[in-house]
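This report concerns only the one structure given below.
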Amino acid sequence: MQWANAIVQGVILGGLYALLAAGLSLMFGVMRLVNLAHGALAIVAAYMGMVLVNKTGIPPFATLLIVVPVMALVGWVLQRTLLNTALNRQALAPILVTFGLAVILQNLMLELFTADNQSIDVGSLAGASIQITPDIAVGVFPLITFVVGVFVIAALQLYLAKTTTGRAMRATSDDREAAQLMGIDHRHIYALATAIAVGLVGLAGVFLGVRTQFNPTFGDVTLIFAFEAVIIGGLGSLWGTLWGGIILGVAQVVGAQAFPSSGVLLGHIVFLLVLAFRPTGLFPKVVNG
Amino acid sequence: SGGSINNNTTPSASGGSASGAVAGTVKIGFVSPQTGPLAPFGESDTFVINYMKDYFSKNPLMIGGKSYGVDIIVKDAQSDSAKAGQAAADLINNDGVDIVMAAGTPDIVNPVADACEANNTPCITDNAPWQPYVLRGKDGIKSTFKWTYHFFWGLEDVAATFQDFWGQVPTNKKVGGLFPNDPDGQAWSGNLPTMVGANGYTINFPPLYPNGTQDFSAQISSFKQNNDEILTGVPIPPDFTTFWKQAKQQGYNPKIASVGKALLFPSSVDALGDLGNNLSTEVWWHPSWPTKSSLTGITPKQLCDQYETTTGKQWTQPIGYVEALFEVAANALTTSGSTDKANLVKTLSTLSTDTIVGHVQWSPTAGPTSPTPNVAKTPLAGGQWRLTNGGAHKYELVLTSNAVATSEGLNIPLGGKEEALP
Amino acid sequence: MTMAPLLTVSGLHKKFGSVVTANDINFEVIAGEALGIVGPNGAGKSTLLNLIGGVVPVDQGSMIFDGRDITKMASAERAKAGIGRSFQIPRPFTDMTVFENVYVGSSFAGGVRGQAGYERAYEALEVSGLLHLSEKPAGQLRLLDRKRLELARALATQPKLILLDEIAGGLTEREIPPLVETITQLRSAGVTVVWIEHIVHALVSVVDRLMCMAEGRVLAIGDPHEVLKSQEVIEVYLGKTFDMDGDV
Amino acid sequence: MPLLEVENIDVFYGDVQAIFGLSLTIEEGQTLAVIGANGAGKSTLLKSIAGLCSPATGEIRFNGERINDVPPHRRVPLGIALTPEGRRIFPSLTLEENLLVGAHSKRSGHWNLATLYDTFPLLADRKNRLGTNASGGEQQAAAIARALMSNPRILLLDEVSLGLAPVVVEQIYSALPAIVEQGTTVLVVEQDVNQAMKVSDRVQCLLDGRTVLEGKPSELSRERIASAFFGI
Amino acid sequence: MTMSSVGSIVSSVKVRRSTTASNIALAVSIVVVIALAIGPFAFLTKGNQQNLVTLFIYIIMGTMWNLLAGYAGMVSIGQQAFIGVGAYGVVYAADQIGIGPVAAIPAALVIAGVIGYLVSFLAFRLSGGYFAIGTWVIAEVIKLVTTQIQTLGAGSGISLTAFSGYKPALRIATVYWMGLASVVIAVAVTYLLMRSRLGTGFTALRDDPTAAATLGVNVTRGKRIIWVVAAMGCGLAGALLAENTLRVQPDSVFSVQLTATMLFIVVIGGIGTIEGPILGALVYFALEHFLIDLGAWYLVILGIVAILMVLFLPQGLWGLISGRGRISLFPTGYRLMTNPATPPAVATQDNAV
Ligand SMILES: Nc1ncnc2c1ncn2[C@@H]1O[C@H](COP(=O)(O)OP(=O)(O)OP(=O)(O)O)[C@@H](O)[C@H]1O
Ligand SMILES: Nc1ncnc2c1ncn2[C@@H]1O[C@H](COP(=O)(O)OP(=O)(O)OP(=O)(O)O)[C@@H](O)[C@H]1O
Ligand SMILES: [Mg+2]
Ligand SMILES: [Mg+2]
């Protein structure tokens, strides 16, 4: 029963990873951009949510109505200013620029909010749970996170596959110049993709802020797990990212059940095994040519 | 806001003498984590250092009959032990400090002490239990020290304090242990079980998990299965929050939870929302301590109030310990009568100071105040965080155990009795 | 010229996902000959060169080159064994000069370093008509010179067999004859040539034999004019209105 | 009024000048072939018209309006479509999705999926194939069809027959009359001079970034073209 | 066949590999190194020596990351793995095997090399973005495994005690000389590697691995050599770090921040040159020295500087100084001197033979 519980909790944790990774996956997929500022941006959103809750007293979930659009706007501006220029430079540029951005954001937050641990208070929801069997109980909030994660991935997948803009995004990701020749403004498309991605980071950040305590340097920890989810699933494949998150979550929790000192380690090892045997991830987007 | 750090780091106070001619300057180096993940430990340093600079500028030290100005040079360890070691070596070899001080977790204290040993410079540290400080060689072998001195409580005090809590609430005496694989977690898990075993408590702890773990289902199911009615441990605050919320969700409800580190700072407890109520923790220092500074005469209550008005934040426990470092250093310098380094360590080896955190006394052979040479013990108490429901702060730390401190001769008033968790 | 096969390809298979690009390919390249390869787009011609050159691993089948089984050999080893190749889309080392590009060929696969390597590279440049650009960064070359560089690099490896993939593609009618001339000379110097080209008349003026591929199979192989007259080849490749005489 | 006028443009790549004071005029409904040796500047000319290169001096007018400063993605809605050198099919999209992206600018007209599948039957059979898996010929056909999806007033075709099997070249050229019939103006760059002469109303020959010869195919002899080609 | 049968016979092809600037640079470097070597007897205080060791560590780190990314195109964010291995290796060799602090440094280097070699079989299954993240995860794995080893202090870390008999001045000078030797070796090995035929092959690999392979460059072997050398170099940096600070703690020596430092050094100095990382390390060291007192603002400034460099000065400071590579103090290229003065007039059109 412990094992069943571990699997259930792992799947649920995977939902959080997928939610965290969705924006990363989108930017990876559309712009081939490895966004190392992803974690820091999530923490920015968490602080934003916290300040809103503390200052205005609005319910935590209502902050999403402000945090997500504001983060989306941040994403838009970021792309139009720094990232579009970076994408025109050498291959290393985006990695370096987003890394620099992460350092800047982290330390600005340190100046603004100090290194104190903070959290977004959701009151009694924090401890609420649903009893599934006598031995398995699932937290309501983690469950909400999981459902939101799945919903976000599904919506994003549909958006990319079925809408004109989604198609334009994929086309631009394949060949930027050719897309321009189709009448697509690549800077607009990229900015839109980044806006969506950073908006999703905002969503994930608020959920993270409710789930645990955060401080300005907390982003690094989440970043590596989100990356693993994206890569296990295969670059650019959103369903892959969801599966990647779930596989990672289950590996960590079930791993910890077997070897409590090595849950995180076993998660990493599963990740490396996937890479060793399927270097392009489990659900790669295209056969590379 | 944490305030700007730059004005503390440049040497100052050297010229500001209020009482006649200054014969020289003593340089005190101070290493603290001001940025990075350990920054909460260094947060109050700025306040205390400014307070001390202000004091020394008006009250030069009298050493060997001469008046000395005091230069305090602060270096940021950036929460990194390698940087902490480098900072200490830099203070010694480039800034030429006479004495080095450091505070805040073994990650900072240990490398600074190592650097001072290697560079033959006196060093005074605190804010880390003495066991991880002493046992840091190969296989946790006890190191011997010549130049470095430490004062703090030890794990035996935590064990005693926690048992004092636990005795106040009826339980099955089964304890679940949540220990991370870091210096604190290693030291606690290595010592606590035998220390509480004598009184019939058994600690069930799964192998140490790495910091940053995102899911504690394995630990929770182990505690549930073992029916551990008591929870203890020394997790970092984010991990404890993750754990505690999950424990509630998965139906693990211990009767009492006594946790170190995660519950040290009020901000961490605030961040638990209402789930922080009645969690208990060891208390190093508290405004109600019946002590005062041997240097400035300030009382704990006054110092905390001053901190709260200056920074607008709730008082924290490291404040007293940072102040105490300066008391000890000043006492050592004046007692030794010179700034000679060898002379200073000789003085330190038997130095006795009644500081704002309690009595600090080293002795060359193990004794009641000094479990091992170079280490002095300070009193410990215990308390519970209670929701104030509309008070100045969300939570107040209410003292519920003073057994250890009392046995060491410090009579700390209790604020209440230990209450069981809901 | 001897009639001994320099390269024997037997039962070669290759699939990319569901796309079969080599389907039981069998043929021999005779030492000293020039073999032309034509075939519709996507027939698997470039893939075949990739398989021979070791850029892409074989699914099934074997290849014997110069008496050695090269089926599992790494591409660097094949280059050392004497297989040189050019790429359909030129792949210069953009951060190096033209000379350095060619020196990579002579010093690695060619196995001659230092002075001897420099001389080999120099010769290859001269043969390919690139000597005057030798100090230019290869990234700044235009298409024609990039194609020449492909040839020069392959030559510098001192190959026994040279695999050419559409080196005349994109060249104008007037630029083709000199290239044809270079290849003819190489051949008469004893280098075996396998050449893929859609400019059929250029190909036919050089090669001894012609192979036509379609859908990963060998459709026909033999005398160029015979092959071009084959009904199947006309259908899948040449088209009914094809006119051999295509120059300006 | 001519549909497209290029007047005295100079185009640079960094420090390198590729086009020198070039001019060109094309009337609506005409087919113009641009020929010339390697590096003559043909692709650069088309890229300048499509907006991927911007002339340092001179003017490009479309339908009488100066478009020098209009970015490439805004030229598509005006009715300019380029089939670039190397096809540039989107590899991770199916061929049909490639065509749909071509319709991004939402210009209406004769061309849509149905009419294009009629004109290029080979695409109809393979519409669900990923771009990356299509053969060179399929890609070329898709690239032309994709450009037509924007119902351009002028279609710019670069190196239509490069690297294609003769039979595919034949198929593609046989689709050209249907395009012209819809009133689409065509500017084609072609290596194969014979092909160029067959399909065009007018031929313009470039050498080193300048026009060296122009006229009706019927008026130009092989010798004049040959000498114009290489400047001898 | 010989090609001479188709081309003209060449008797005296001349290729130059050094320049006046590089000869001067070599001479100056030798003088500087000698001066630095006698420094502890003459003009360097203990504090200077310690600071210089930090600078040496930065130079080694930058040089190694540049070797990987700048020369071999392998963008790794997991180099902290080898710093950690080097640091722990030195403690293990010096204290636990007991070979003393000096011999422990080469021992740590070997340990890092062996682990680097083994890890390469996993890491090399990845490329591009996968490789970057994969190496980071590998570093985390090595850290997590290290923290399970009780004799190495597990999660608490461990102090280096081998120096306990040394007087401070001798200890500091010993570490300093080891550091100086290390930095000279690291830079020299990198330079010689890049100057060798292998180096030419590596540059080719970075530009186009497929084409390089068909010209006989053994891709995997070449990459593996670079990877192992970089692992050993980072191990060396880690060993020096441990000897300079005397305490090794997992979160510190396995911190991804170390790779960030390498990245900043290379970006500031200029990627793909020998000079760049050296210059970058000097600038980074100076920035750290002067701005560290600004606390968090220091890192904000560093971040801004790095972003601006990447966007507006992608060749780094060295690129600016050298006039986009026109001056090279450590040239690796081949200049063909036997060049026909002018190209044949119509060479571009029809002189293919
Ligand atoms: N890596 C790959 N992944 C998937 N499909 C591939 C890959 N490489 C080649 N193909 C497919 O294999 C088929 C054969 O390709 P190849 O390049 O060998 O054709 P070709 O005969 O050289 O054609 P062309 O004359 O157009 O150059 C094509 O359909 C191509 O899309
Ligand atoms: N991206 C570029 N950077 C620098 N120079 C370029 C670039 N593209 C083209 N050139 C140069 O501009 C000139 C004209 O090139 P362009 O591609 O327009 O010629 P073209 O007539 O299309 O030739 P081709 O038949 O080879 O396609 C050539 O000298 C070429 O080297
Ligand atoms: Mg091909
Ligand atoms: Mg062109």
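Residue numbers start from 1 in every chain, and the chains themselves are labelled A, B, ... in the order their sequence lines are given, proteins ahead of strands.
Contact of B:Leu275 with chain A is made through the side chain alone, with heavy-atom distances under 4.5 Å. Contacts between A:Ala126 and chain B at a heavy-atom distance below 4.5 Å involve backbone atoms as well as side-chain atoms. When heavy atoms are compared at a cutoff of 4.5 Å, A:Phe218 approaches chain B solely by way of its side chain, counted from C-beta outward. For B:Tyr209, the parts lying under 4.5 angstrom from a heavy atom of chain A are both the backbone and the side chain. Heavy atoms of A:Phe225 lying under 4.5 Å from chain B belong exclusively to its side chain. Contact annotation for B:Leu38: neither backbone nor side-chain heavy atoms come within less than 4.5 Å of a heavy atom of chain A. Of the atoms belonging to A:Ser261, heavy atoms from both backbone and side chain fall under 4.5 Å from chain B.
In the displayed structure, B:Trp385 atom CH2 is contacted under 6.0 Å by more than 12 heavy atoms of other residues, nucleotides or ligands. No more than 12 heavy atoms of other residues, nucleotides or ligands shown are found within 6.0 angstrom of CZ on A:Phe259.
A:Gln9 contributes atom CD, which lies 9.5 Å from atom OG of B:Ser221 (distance to the nearest 0.5 angstrom). Note that CD of A:Gln213 and OG1 of B:Thr242 are 8.0 Å apart. Values are rounded to the nearest 0.5 Å. How far OG of B:Ser268 is from CG of A:Asn117: 4.5 Å, rounded to the nearest 0.5 Å. Between atom CD of residue B:Gln214 and atom CG of residue A:Leu248 there is a gap of 9.5 Å, rounded to the nearest 0.5 Å.
For the set B:Ser217, B:Gly273, B:Pro206, the count of heavy-atom pairs under 4.5 angstrom toward chain A peaks at B:Ser217. Residue with the most contacts toward chain B among A:Asn107, A:Val138, A:Asp116, A:Val264: A:Asp116 (heavy-atom pairs, distance under 4.5 Å). Top candidate by heavy-atom pairs under 4.5 Å with chain B, chosen from A:Arg211, A:Gln106, A:Gln252, is A:Arg211. In terms of non-hydrogen atom pairs under 4.5 Å with chain A, the most contact-rich of B:Thr213, B:Asn181, B:Asp215, B:Leu272 is B:Asp215. With chain B as the partner, the residue from A:Pro142, A:Pro216, A:Gly123, A:Gly263 showing the most heavy-atom pairs under 4.5 Å is A:Pro142.
No side-chain donor-acceptor contact under 3.5 Å links B:Glu43 to the backbone of A:Thr114. Not one N or O on the side chain of B:Lys245 forms a donor-acceptor pair closer than 3.5 Å with the backbone of A:Gly139. Listed for the B:Thr241 side chain is no donor-acceptor partner under 3.5 Å among the backbone atoms of A:Thr212. Using modelled atom types, no side-chain atom of B:Gln250 and backbone atom of A:Ile136 make a donor-acceptor pair closer than 3.5 Å.
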Give the intermediate values and the outcome of side chain to side chain contact (heavy atoms under 4.5 Å, CB included) for residues A:Asp121 and B:Lys394.
-> CA-CA 13 Å; A:Asp121 191 0; B:Lys394 186 174 169 111; 3.7 Å; yes
